[in-house]
Amino acid sequence: MKLDSKIPSGSVEQKWERYRLEMKLVNPANKRKLEVIVVGSGLAGASAASSLAELGYNVKCFCFHDSPRRAHSIAAQGGINAAKNYQNDGDSVYRLFYDTIKGGDFRAREANVYRLAQVSVSIIDQCVAQGVPFAREYGGSLANRSFGGAQVSRTFYARGQTGQQLLIGAYQALERQIGLGRCQMFPMTEMLDVVVVDGQARGIVTRNLATGEITSHAADAVVLATGGYGNVFYLSTNAKGCNVTATFRAFKKGAAFANPCYTQIHPTCIPVSGEHQSKLTLMSESLRNDGRVWVPKKKGETRPPSQIPEAERDYYLERKYPSYGNLAPRDIASRAAKEVCDEGRGAGPGGKGVYLDFADAIKRVGEEAIRERYDNLFEMYERITGESGYKTPMRIYPAVHYTMGGTWVDYNLMSTLPSLFVIGEANFSDHGANRLGASALMQGLADGYFVLPNTLGNFFASSKQARISTSHPEFRKTEEEVKARLHKLLSIRGKRTVSSFHRELGKLMWEKCGMARNEKGLTDALQRIPALRQEFWDNVNVLGDGGELNQSLEHAGRVADFIEFAELLCLDALTRAESCGGHFREEFQTQDGEALRNDDQFSFVSAWEYQGPDKPPLLHKEPLVYEEVKMTQRSYK
Ligand SMILES: Cc1cc2nc3c(=O)[nH]c(=O)nc-3n(C[C@H](O)[C@H](O)[C@H](O)COP(=O)(O)OP(=O)(O)OC[C@H]3O[C@@H](n4cnc5c(N)ncnc54)[C@H](O)[C@@H]3O)c2cc1C
């Protein structure tokens, strides 16, 4: 396997412009002859499928939900970044580029990040044209707020439901193409494998989740927009259905997996409340625009927050990071919360929480203004905890939220398996070792609306596509493999539920490979995961059968992939003997407890190649060359 990032030459400002000038085009008549499969209908998938269909390609779009509108993207709350500089506060494409590179702890590819910042500007125009109801100022101009890791206000939002509103825009565009017959939608259809013909991804095998029918689909290119793998930790802020199956099975067919250990822990989530909890809830980072984070100065404090005087409170983010304060980036804010809780100064039951306090903001701008900005978030908090965030500080704690790792892709968003493109959270993305808030929506829509429609055309125009149909023997063979795996899962009839395996895996991953990692813990996890995998295949109990709606079977397939994938994640974390962004190795920290990078040895993207069952994956390294920015010790002080 050879990693070629295919970064265009020229200055970083001109690369994308030149690329688009020099790329080859497909003429409209030929586009009508080309078929594209898009798996996923979240922001990345829906924007790609609608844009490609609009261009004239024949598109088939798949999702496991009953409607494309249910993709996990609807959960996004806080906002989407763009370098519009509407606030006149000093923003620019370059500043967004720089903030993203720095926020990612200098572990992202410069050329991609610059392109992302450039394209960000068009995304907002596109969404406004679709009618996305972004918040506006009194005079009618679009409003902005701030997110972590930035000192400017560049986040566009629609109350606390930005993802939902953006997805309605993308979904409408998709529905239009479905209505015009240019895109065929396959809801409740799960992709279970990629079909490779002559070294190229030429189709997929799917299972209809309502009937259990296994079907093949052929195409000239396959696009995966299948989201992130945060649920490998079992408890996360992700929707319960989020999984790694599509990208992991593509990995087994030749698509290298990059930086799996780069996972993001979000600092502001509702704390875990008990053993039987199956989901965690995010309280958007946007709340840190107005909420102040604090813990009692005294260990073991038992007084309610209202009785703790100002002088006995530690606003630790403002104290430690005076220039960014409560808007310190996620990795830093999460570790700081863990630190104060580990010191015994945490709030609430079990001491696993810190306060997010709106009293000052309410005093400053009034409760009505706070309500206008975040009301649905306060309502959600009250419904879950029974407490009003207007009257008493919210209690929050870090939780698994986002995955920066994913399928390795080149500048064209193509994986190491030719014809297989990967977009949105599913690829290893532009966020390096830590994603800044409000940048995932930006990246998913940049990939889907603006980047892929160009790079896919260039790919088609530069390569010859042999006509292939599902009658090719590779489709039969892959279908048989998929059926055999489902049959195996159904025939074990063991004693443990699928969920019990998922929960055990998640607990192990959180303890050994969560917010802090070390060599001993990772080595231990790498010994325990294969044993768990073996037990799963010997003792899992998958109820029902394959020819019907069977959620136990769906879950089992996903958990089986998570267990194998977890090993890759821990191996990557062990191999990366440095701390960077969300990957915090306890052995590598500065005297102040900050992440200590090792640029001499680890300034590369890790891309893992599958070598077959029972063989360790092979590590390939894509060197990260910084021509524009100087790698420095990240500081938000
Ligand atoms: C609670 C929460 C709040 C967030 N808030 C923000 C925010 O304010 N701003 C921001 O920038 N980011 C935010 N994020 C992150 C952001 O929402 C996600 O990164 C982004 O929406 C992912 O979009 P996507 O299109 O890549 O994937 P998804 O939206 O996850 O879509 C995945 C799609 O793939 C389909 N799929 C998956 N596997 C298969 C398969 N095997 N077969 C068929 N279909 C499959 C699913 O059905 C779905 O349609 C938030 C995340 C969470 C969890």
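Note that ligands are numbered from 1 as they come in the structure, with each ligand's atoms numbered from 1 the same way.
- Near Thr237, the atoms of ligand 1 lying under 4.0 angstrom from a non-hydrogen atom of the residue are 1 (C), 53 (C).
- With respect to atom 17 (O) of ligand 1, the closest heavy atom belonging to the protein is Ala76 CB, 3.5 Å.
- For residues 218-246, the set of pairs meeting the salt bridge (charged side-chain N to carboxylate O under 4.0 Å, His left out) definition, not counting sequence neighbours, comprises Arg202-Asp220, Asp220-Arg467.
- Residue-level proximity to ligand 1 for Val39 is carried by the side chain, the only part with a heavy atom below 4.0 angstrom.
- Heavy atoms of Asn238 approach ligand 1 to within less than 4.0 angstrom.
- No N or O atom of Tyr402 sits closer than 3.5 Å to an N or O atom of ligand 1.
- Annotation for Ile123 and Ala446: closest pair CD1-N, 3.6 Å, computed over non-hydrogen atoms.
- With respect to atom 25 (O) of ligand 1, the closest heavy atom belonging to the protein is Ala44 N, 3.0 Å.
- At a heavy-atom distance under 4.0 Å, only side-chain atoms of Leu282, from C-beta outward, approach ligand 1.
- At a heavy-atom cutoff of 4.0 Å, ligand 1 is contacted by the backbone of Ser439 but not by its side chain.
- Residue contacts with ligand 1, taken as heavy atom pairs separated by less than 4.0 Å, involve Thr189 solely via the backbone atoms N, CA, C and O.
- Atoms of ligand 1 found under 4.0 Å from any heavy atom of Gly424, numbered from 1 in the order shown, are 26 (O).
- Considering only heavy atoms from C-beta on, Arg288 stays 4.5 Å or farther from Ser286 through its side chain.
- Taking the ring axis of Phe64 as reference, the NZ or CZ atom of Arg558 stays within 45° of it and closer than 6.0 Å to the ring centre.
- For ligand 1, the polar-atom distance check against Gly78 finds a nitrogen or oxygen pair separated by under 3.5 Å.
- Evaluated for a ring-ring contact (aromatic ring centres under 6.0 Å, His included) with Phe257, the options Tyr610, Trp608, Tyr262, Phe565 yield exactly one hit, Phe565.
- Heavy atoms of other residues, nucleotides or ligands lying less than 6.0 angstrom from NZ of Lys477 number 12 at most.
- In this comparison of Pro187, Gly79, Ala225, the heavy atom closest to atom 9 (N) of ligand 1 sits on Gly79.
- Contact record, Pro271 with Lys352: CB-O, 3.5 Å, taken as the closest heavy-atom pair.
- Of all protein heavy atoms, the one closest to atom 20 (C) of ligand 1 is Ser73 OG, 3.8 Å.
- Scanning all heavy atoms of the two residues, the minimum distance from Ala117 to Phe97 falls at CB-N, 3.8 Å.
- Taking any N or O of Leu441, backbone or side chain, at least one lies under 3.5 Å from an N or O belonging to ligand 1.
- Heavy atoms of Arg435 found under 4.0 angstrom from ligand 1 belong exclusively to the side chain.
- Looking at Arg330 and Glu285, a side-chain N of the basic residue comes within less than 4.0 Å of a carboxylate O on the acidic one, giving a salt bridge.
- Note on ligand 1: Gly444 sits outside its first shell, no heavy atom being nearer than 4.0 Å.
- At least one N or O atom of Ser41 sits closer than 3.5 Å to an N or O atom of ligand 1.
- Counting only heavy atoms of the protein, atom 51 (C) of ligand 1 lies nearest to His401 CE1, 3.3 Å.
- Protein heavy atom at the shortest distance from atom 41 (N) of ligand 1 is Met191 O, 3.2 Å.
- Two residues are said to be in side-chain contact when any heavy atoms from C-beta on lie closer than 4.5 Å; Tyr157 and Leu142 fail this criterion.
- Ranking protein heavy atoms by distance to atom 53 (C) of ligand 1, first place goes to His72 CE1, 3.0 Å.
- Nearest heavy atom pair, residue Ile423 against residue Ala225, reads CG1-CB, 3.6 Å.
- Taking every heavy atom of both residues into account, Gly79 and Leu441 meet most closely at O-CD1, 3.4 Å.
- For atom 27 (O) of ligand 1, the closest heavy atom belonging to the protein is Gly227 CA, 3.4 Å.
- Considering backbone and side-chain atoms together, Gly228 places no N or O closer than 3.5 Å to any N or O of ligand 1.
- Asn208 and Thr189 form no side-chain donor-acceptor contact under 3.5 Å, judged by distance and modelled atom types alone.
- Distances between N or O atoms of Glu425 and those of ligand 1 include at least one value under 3.5 Å.
- For residues 426-450, no residue pair satisfies the salt bridge (charged side-chain N to carboxylate O under 4.0 Å, His left out) rule, not counting sequence neighbours.
- Atoms of ligand 1 lying under 4.0 Å from at least one heavy atom of His65, given by number and element, are 46 (C), 47 (O), 48 (C), 49 (O).
- At least one heavy atom of Ala75 lies less than 4.0 angstrom from ligand 1.
- Contacts between Pro68 and ligand 1, counted as non-hydrogen atom pairs separated by less than 4.0 Å, are absent for every part of the residue.
- Here OG of Ser50 is found 11.5 Å from CZ of Arg182. Values are rounded to the nearest 0.5 Å.
- Shortest contact from atom 34 (O) of ligand 1 to any protein heavy atom: Gly40 CA, 3.2 Å.
- The shortest separation from a heavy atom of Leu43 to ligand 1 is under 4.0 Å, placing the residue in contact.
- The two residues Ala250 and Leu420 make their nearest non-hydrogen contact at CB-CD2, 3.8 Å.
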